[in-house]
Engineer: 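Attaching a single structure in structure tokens format; questions to follow.
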Amino acid sequence: MTTPGKTRVAIVFGGRSPEHGISCVSAGSVLAALDPDEFEVVPVGITRQGQWVLASGDPGQLAIADRKLPEITAGSGAELVLRADPAVGGLMVLDPAQGPVALADVDVVFPVLHGAYGEDGTIQGMLEMADIPYVGANVFASAAAMDKEFTKKLCAAEGIPVGPYVVLRAGMTLTEEDKERLGLPVFVKPSRAGSSFGITKVDDWAQLDAAVATAREIDTKVLVEGAIVGREIECGVLEGEAGGAPEASVLAEVRVVSGHDWYDFEAKYIDDACEYDIPANLPEHVTRQVREYATRAFTALDCSGLARADFFVTPELDVYLNEINTMPGFTPTSMFPRMWAASGLEYPKLVNRLIRTALRRAGR
Ligand SMILES: Nc1ncnc2c1ncn2[C@@H]1O[C@H](COP(=O)(O)OP(=O)(O)O)[C@@H](O)[C@H]1O
Ligand SMILES: [Mg+2]
């Protein structure tokens, strides 16, 4: 039943991408941050196979335990069906005895999903068809930011510097001219992935084919990028309140230490291998430049709600955009919430603002 006066929000997490576990941890923190006096939560888990279940709303079950990430399985709860029909819009529980039973309409969906089938426009399209407001980027922006080729092309067209890269579509390999232009080392990555999955740093051209094959396990389209020697700087962006210009957070610097050469998966989530500076220690004019590029990139991709823009800043203080994430990590140690906390917006207020923005955008 819907409680009058409360906003009914479905937190959707898990999912079919390799970032399933990270999504569960992010969702656990979002769940814990929602004020029960204001929100009624419907925790919706998606299994690795894509089945929707009514999951536990206990944040404790959605934390990293013994270096193991949480997982949603078919046994996690009753099966759910989303009716993508505006007339009957909403979630149904599939009761084995009674068949589908309406779980009541949700006011807004917060898809705390990373990567494929979550951050790439697919679930956004489904929610559009069901006429359910949702937090974050729309179909186009999600798809554009998910694809590193198009992120670079759209941002470069708006004058934001991006590093040298070559797109290898299915069956293509690097030419000798490409190799000369990019130089070594290069980063070989799936065009549409995240959390450093499928990425290899290549120091010797003899390793290239194996690296491309690894990336192609995730995406047939592969990017080969010249390595940028520089500091890794991140910026949070939020859609302006009441439809105003997008706002940039203070910046963060991520420094990889102890045994990791670059910001790979283990460094990101498992090992205590990173140091962070918030705010990043950069000259004032560079900080201003990065924040301006971040909001420009947000607009260039037609983002809404939130995004995290990631950059490299070279020793000469040149700034290059690396990528945009339209559903950045939301774990307690994730950069996005920490950058906003440092900008004066604490985690619960941040989550609240995202939900309010989504409802306002939908005219609700
Ligand atoms: N062109 C590059 N130059 C230097 N380092 C890179 C480059 N591309 C990726 N990296 C390293 O790999 C990490 C992950 O790459 P990224 O493109 O951000 O993929 P993901 O979407 O998986 O986070 C970066 O944070 C950085 O440490
Ligand atoms: Mg990244």
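Along the sequence shown, residues are numbered consecutively beginning with 1.
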Engineer: Might you point out which heavy atoms bring Cys235 and Val290 nearest each other, and give the distance in Å?
Structural biologist: CB-CG1, 4.5 Å
Engineer: Can you check whether Arg216's main-chain N or O pairs, donor with acceptor, with Thr220's side chain at less than 3.5 Å?
Structural biologist: no
Engineer: Relative to Tyr276, does Arg255 satisfy both conditions: NZ or CZ under 6.0 angstrom from the six-membered ring centre, and within 45 degrees of the ring's axis?
Structural biologist: no
Engineer: Under the side chain to side chain contact (heavy atoms under 4.5 Å, CB included) criterion, do Leu306 and Val135 qualify, and how do the steps go?
Structural biologist: CA-CA 8 Å; Leu306 73 163; Val135 169; 4.2 Å; yes
Engineer: Please confirm whether the backbone N or O of Tyr263 pairs with a side-chain atom of Ser196, one donor and one acceptor, at under 3.5 Å?
Structural biologist: yes
Engineer: Between Lys189 and Glu323, is there a side-chain N and carboxylate O pair less than 4.0 Å apart?
Structural biologist: no
Engineer: Is the shortest side-chain N to carboxylate O distance from Arg296 to Glu292 below 4.0 Å?
Structural biologist: yes
Engineer: Nearest heavy-atom pair of Ser304 and Asn138: which atoms, and what distance?
Structural biologist: OG-N, 3.7 Å
Engineer: Dump the intermediate steps for side chain to side chain contact (heavy atoms under 4.5 Å, CB included) on Leu223 and Leu168, then the final yes or no.
Structural biologist: CA-CA 6 Å; Leu223 254 55; Leu168 297 181; over 6 Å; no
Engineer: Would you say that Val229 contacts Thr314 through its side chain, given a criterion of any heavy-atom pair below 4.5 Å between the two side chains?
Structural biologist: no
Engineer: Going by heavy atoms in the side chains, are Leu69 and Cys24 under 4.5 Å from each other?
Structural biologist: no
Engineer: Any non-hydrogen side-chain atom of Gln49 less than 4.5 Å from a side-chain atom of Arg16?
Structural biologist: no
Engineer: As a quick check of understanding, evaluate side chain to side chain contact (heavy atoms under 4.5 Å, CB included) for Leu238 and Trp340, giving each step before the final call.
Structural biologist: CA-CA 9 Å; Leu238 285 176; Trp340 280 107; 3.5 Å; yes
Engineer: Donor-acceptor check, side chain of Thr331 to backbone of Ser26, threshold 3.5 angstrom: yes or no?
Structural biologist: no
Engineer: Check whether Thr151 reaches the backbone of Ala144 with its side chain - one donor and one acceptor, N or O, closer than 3.5 Å.
Structural biologist: yes
Engineer: If we ignore hydrogens and angles and just use 3.5 Å, is the side chain of Asp178 paired with the main-chain N or O of Thr175 as donor and acceptor?
Structural biologist: yes
Engineer: Would Ser191 and Asp147 count as a side-chain hydrogen bond (donor to acceptor under 3.5 Å, both in side chains) here? Give the steps.
Structural biologist: CA-CA 5 Å; Ser191 197; Asp147 189 321; 2.7 Å; yes
Engineer: Between Glu38 and Asn352, is the side-chain hydrogen bond (donor to acceptor under 3.5 Å, both in side chains) condition met? List the steps.
Structural biologist: CA-CA 10 Å; Glu38 196 176 345; Asn352 195 298; 3.1 Å; yes
Engineer: Which value, rounded to the nearest 0.5 Å, describes the distance between Asp264 atom CG and Lys201 atom NZ?
Structural biologist: 11.0 Å
Engineer: Let me confirm one number: the NE2-CG distance from His20 to Leu113, rounded to the nearest 0.5 Å.
Structural biologist: 10.0 Å
Engineer: Taking the side chain as every heavy atom from C-beta outward, state whether Asp107 and Pro133 have any atom pair closer than 4.5 Å.
Structural biologist: no
Engineer: Any side-chain heavy atom of Leu317 sitting closer than 4.5 Å to one from Pro283?
Structural biologist: yes
Engineer: Quick one, Glu234 with Arg338, criterion salt bridge (Lys or Arg N to Asp or Glu O under 4.0 Å). Give me CA distance, side-chain angles, the key distance, then yes/no.
Structural biologist: CA-CA 11 Å; Glu234 304 188 348; Arg338 287 170 62 177; over 6 Å; no
Engineer: Whether the side chain of Asp204 engages the backbone of Gln207 through a donor-acceptor N/O pair (distance < 3.5 Å, no angle test) should be reported.
Structural biologist: no
Engineer: Shortest non-hydrogen contact from Val25 to Pro70?
Structural biologist: CG2-CD, 3.5 Å
Engineer: Would you confirm whether Ser334, through its side chain, and Pro337, through its main-chain N or O, come within 3.5 Å as a donor-acceptor pair?
Structural biologist: no
Engineer: Please report whether the ring centroid of Trp262 lies less than 6.0 Å from that of Phe187.
Structural biologist: yes
Engineer: Using the side chain to side chain contact (heavy atoms under 4.5 Å, CB included) rule, take Ile72 and Phe13 through it: C-alpha gap first, then chi angles, then the decisive distance, then the call.
Structural biologist: CA-CA 9 Å; Ile72 295 295; Phe13 55 94; 3.5 Å; yes
Engineer: Quick one: are Leu301 and Cys155 in side-chain contact, heavy atoms under 4.5 Å?
Structural biologist: yes
Engineer: Would Lys152 pass as a cation-pi partner of Tyr165, given that its NZ or CZ must be under 6.0 Å from the six-membered ring centre and within 45 degrees of the axis?
Structural biologist: yes
Engineer: Please name the pair of heavy atoms, one in Ala55 and one in Gly45, separated by the smallest distance, quoted to 0.1 Å.
Structural biologist: CB-N, 3.8 Å
Engineer: Check for me, please, whether Val237 and Met327 land in the same ILVMFWY cluster - side-chain distances under 4.5 Å, paths through other members count.
Structural biologist: no
Engineer: Has Tyr117 got more than 12 heavy atoms of other residues, nucleotides or ligands less than 6.0 Å from its OH?
Structural biologist: no
Engineer: Work out which heavy atom in Pro190 is nearest to a heavy atom in Gly198; give both atom names and the distance.
Structural biologist: CD-O, 3.5 Å
Engineer: In the single-linkage hydrophobic clustering (I, L, V, M, F, W, Y; side-chain heavy atoms under 4.5 Å), do Val44 and Met126 co-cluster?
Structural biologist: yes
Engineer: Is a salt bridge present between Lys179 and Glu176, judged by a nitrogen-to-oxygen distance below 4.0 Å?
Structural biologist: yes
Engineer: Determine whether Glu177 and Arg181 satisfy the following criterion, salt bridge (Lys or Arg N to Asp or Glu O under 4.0 Å), listing intermediate values before the conclusion.
Structural biologist: CA-CA 6 Å; Glu177 293 95 279; Arg181 184 166 70 84; over 6 Å; no
Engineer: Do Phe39 and Lys6 have side chains that get closer than 4.5 Å, going by heavy atoms?
Structural biologist: no
Engineer: Tell me whether Glu247 is salt-bridged to Arg353, with the criterion being a basic N under 4.0 Å from an acidic carboxylate O.
Structural biologist: yes
Engineer: Looking at every heavy atom in both Ala300 and Glu158, which two are closest together, and how far apart are they?
Structural biologist: CB-CG, 3.5 Å
Engineer: Look only at the side chain of Ser343 and the backbone of Val250, and say whether a donor-acceptor pair between them is shorter than 3.5 Å.
Structural biologist: yes
Engineer: Do NZ/NE/NH1/NH2 and the carboxylate oxygens of Asp120 and Arg192 come within less than 4.0 Å?
Structural biologist: no
Engineer: Nearest 0.5 angstrom please: Leu251 CG to Arg231 CZ, how far?
Structural biologist: 10.5 Å
Engineer: Parallel, tilted or perpendicular: which fits the ring planes of Phe336 and Phe330, with parallel below 30° and perpendicular above 60°?
Structural biologist: tilted
Engineer: For atom NZ of Lys153, decide whether the heavy atoms of other residues, nucleotides or ligands shown that lie under 6.0 angstrom number more than 12.
Structural biologist: yes
Engineer: I'd like to know if the side chain of Ser17 and the backbone of Glu19 have a donor-acceptor N/O pair within less than 3.5 Å.
Structural biologist: yes
Engineer: Would you call Arg8 and Asp105 a salt bridge, using N to O less than 4.0 angstrom?
Structural biologist: no
Engineer: Working to the nearest 0.5 Å, report the span between CG of Asp35 and NZ of Lys349.
Structural biologist: 11.5 Å
Engineer: What is the distance from atom NE2 of His285 to atom CD of Gln289, rounded to the nearest 0.5 Å?
Structural biologist: 8.5 Å
Engineer: Same cluster or not: Leu34 versus Tyr347, using hydrophobic residues (I, L, V, M, F, W, Y) connected whenever any side-chain heavy atoms lie under 4.5 Å apart?
Structural biologist: yes
Engineer: Under 4.5 Å between any side-chain heavy atoms of Val186 and Glu225, yes or no?
Structural biologist: no
Engineer: Do Val42 and Ile123 belong together in a cluster built from hydrophobic side chains that touch within less than 4.5 Å?
Structural biologist: yes
Engineer: According to a 4.5 Å side-chain heavy-atom criterion applied to Ile, Leu, Val, Met, Phe, Trp and Tyr, with indirect links allowed, do Leu184 and Ile199 form part of one hydrophobic cluster?
Structural biologist: no
Engineer: Atom CG in Asp310, atom CG in Leu321: separation rounded to 0.5 Å?
Structural biologist: 8.0 Å
Engineer: Hey, is the main chain of Met335 close enough, under 3.5 Å, to the side chain of Arg308 for a donor-acceptor pair?
Structural biologist: no
